[in-house]
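Worth knowing before you read on, the calculation uses all heavy atoms, side chains too, and leaves out hydrogens, waters and symmetry mates. Sequence lines set the chain letters: A, B, ... in the order given, protein chains first and strands last, and positions in each chain run from 1. Quick caveat, the model's predicted, so the values are computed rather than measured.
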Amino acid sequence: MSNIAARFGGFPSGLDDVGLYPMLSHHMGPLFTAIHYRSPELLVDVIQSLCTYDVLTMEDDDFRYLLALVDRVSYTEDSRVINWRCLAPRWVKGVEGTAGFDYTPVNPHNPKYRKTVCDSLNTQDVRFTVKVVGERRKLPANMKHPLISSLEPAYSAIKNGYPEDLIMAARWVDCDWPLEAIADSLTCEELATIKRHMYSRIVVQQKLRCAFCPNEVLNVDPLDMFGFLRVFSDVSMMNMQFNLSMHFNACIPEDIPLKRLLYHHGCYVQDRREAERKKREAAAAAHRS
Amino acid sequence: MLVTANELGSKLVVADPPIESFEMRKFRGADLRRVWEAKPKNSTEELMAFGHAIRDCIDPESCDVDNLMNSLTIYDAWQLVVRQWQESGVPMLLKGVCNHPVYHIVDADGMQTSVYSASNVPETATVLSVDACGGTASAYLKAEDVQVVQVHSDCMQQTPLPDLTLPLLRQLYEDDYDSTDRVHLLRMVLAAHDIDELEAADIMSVGKWLSHNKHGVRNGAFLLCPQCGRQSTTTWQMNIGVFFE
């Protein structure tokens, strides 16, 4: 158990004394199912088995913070590969592939250039930085910070056809009724008031840089509960264990910490790439001589 | 909220017996959910879903609900939805791109500048290029800025053909009409006639009468460009998403 609760600046609601166990490889199965099928019940169960605090009594932002801690404790610090499309303006002259084709990211004030967007698809390794921004706000009298215990009813109501915005607003109402009854009784005025006061303090930011133009984007989003943690399917996990056991004759225990498995496999992949590179260079040298 | 007949675009001229006013309660989450659950694919289907919600909101003690729903035109129904939005205090953000021209010029001293009007370009200057301003203008639509166009008071007396009616909300449920298509609107107006037996001149005069009595909420708005300070126009659409903004 490690106590690193203050790693990103402390829990937003000031929670203390939250212990966290590192994730073991057999936790990955249920976690993959929870995130792949967007099941809040299963996600909470998995996180609860890693945490000494009662997760259901936590607020949303505390749970997001907890996910960031789980990511820090149980995973290696890897960059993640994301695809994104650059939409920066670009001025183009002529037709691509013909003589005289030219483009520039700044306006040349030349009538021969026409304005388009960069529109290039970038595949990039980026680091996700988690931050706690702003301060805890005071809410109006009839509102409260939503608890994780209302997450599962909310998602089942959305599955039953309720609008997501309405249900997520209803979670912020300080009332003992069932969530669907609160949502049905909200007036448009109350809905607008609640929407003005909803906020999230935990943000994930990535710095994106276009490979084809000087455009740089700082992407800041609230932490997505179902999109933040990296998950591996059963087959991926078995492939990793198979690679290690086949190439190093290592016996991989069933309850190996996930971080160690990822680290070992990362080293193995790096070694293999290095060996392949040396082999290629040797072959090229033999070909030259 | 109290809605009088004279506020509505059609002034409820089709109603028989006439309706003076009626009481309508505000939308609740349940009403919004019913419109959402209908999953409307186009504005006609959305209007039909809103029609059910409006029917639930009308106080049956203040008027004859069946008579009222049979005499609402499609534009009246949209106006009642807009009225619900006006009462709710939900902001509506309008966005637009400024398309006014900007002249990039080089003056006699070799200085590069930009001017916003062709008349401001000095005679000694050379125009490098003319671009659109491209500034992103945004503003919140105010509830009191929404304007309503009404029918002429004698519209049902001076009809080119007998038995004409304004395009009604009721007709959308009865037949497969598209409320945005002008041909469908004409078919709705001429529901009591057989179109194949009418002469072209008659149909054209009915079309003129329909355009002359166009009514409902105006969906235009003005935006001010933050870069050049010039005014441009934009249009907005009412839909269920507005209530969740």
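In the displayed structure, Glu216(A) atom CD is contacted under 6.0 Å by more than 12 heavy atoms of other residues, nucleotides or ligands. Residue Arg209(A) qualifies as open at atom CZ: its count of foreign heavy atoms under 6.0 Å is 12 or below. The environment of CD in Glu20(B) is sparse: at most 12 heavy-atom neighbours from other residues, nucleotides or ligands sit within 6.0 Å. Counting heavy atoms of neighbouring residues, nucleotides and ligands inside a 6.0 Å radius, atom NZ of Lys142(B) does not exceed 12 of them. Within 6.0 Å of the CZ atom in Arg218(B), the count of heavy atoms belonging to other residues, nucleotides or ligands does not exceed 12. No more than 12 heavy atoms of other residues, nucleotides or ligands shown are found within 6.0 angstrom of CG on Asp176(B). In this structure, Phe101(A) places its CZ atom where more than 12 heavy-atom neighbours from other residues, nucleotides or ligands lie under 6.0 Å away.
Rounding to the nearest 0.5 angstrom, the gap separating the CG atom in Leu191(A) from the CZ atom in Arg28(B) is 14.0 Å.
Closest approach of Gly29(B) and Leu166(A) over heavy atoms only: O-CD2, 3.6 Å. In terms of heavy-atom proximity, Asn160(A) sits nearest to Glu37(B) at O-OE2, 3.8 Å.
Within the 3.5 Å criterion, the main-chain N or O of Phe244(B) finds a donor-acceptor partner in the side chain of Lys195(A).
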Decide yes or no on side-chain contact (heavy atoms from CB on, under 4.5 Å) for Asn107(A) and Asp131(B), but give the supporting numbers first. CA-CA 10 Å; Asn107(A) 190 352; Asp131(B) 278 347; 3.2 Å; yes

Legend entry - Working for salt bridge (charged side-chain N to carboxylate O under 4.0 Å, His left out), residues Glu180(A) and Arg33(B): CA-CA 10 Å; Glu180(A) 301 180 1; Arg33(B) 171 173 62 86; over 6 Å; no

Between Leu32(B) and Cys188(A), does the side-chain contact (heavy atoms from CB on, under 4.5 Å) criterion hold? Intermediate values first, please. CA-CA 9 Å; Leu32(B) 299 179; Cys188(A) 294; 4.2 Å; yes

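When each of Pro89(A), Pro108(A), Pro163(A), Gly161(A) is checked for heavy-atom pairs under 4.5 Å with chain B, Pro163(A) comes out on top.
Heavy atoms of Ser185(A) lying under 4.5 Å from chain B belong exclusively to its backbone. Only the backbone of Glu87(B) comes within less than 4.5 Å of a heavy atom of chain A; no side-chain atom from C-beta onward does.
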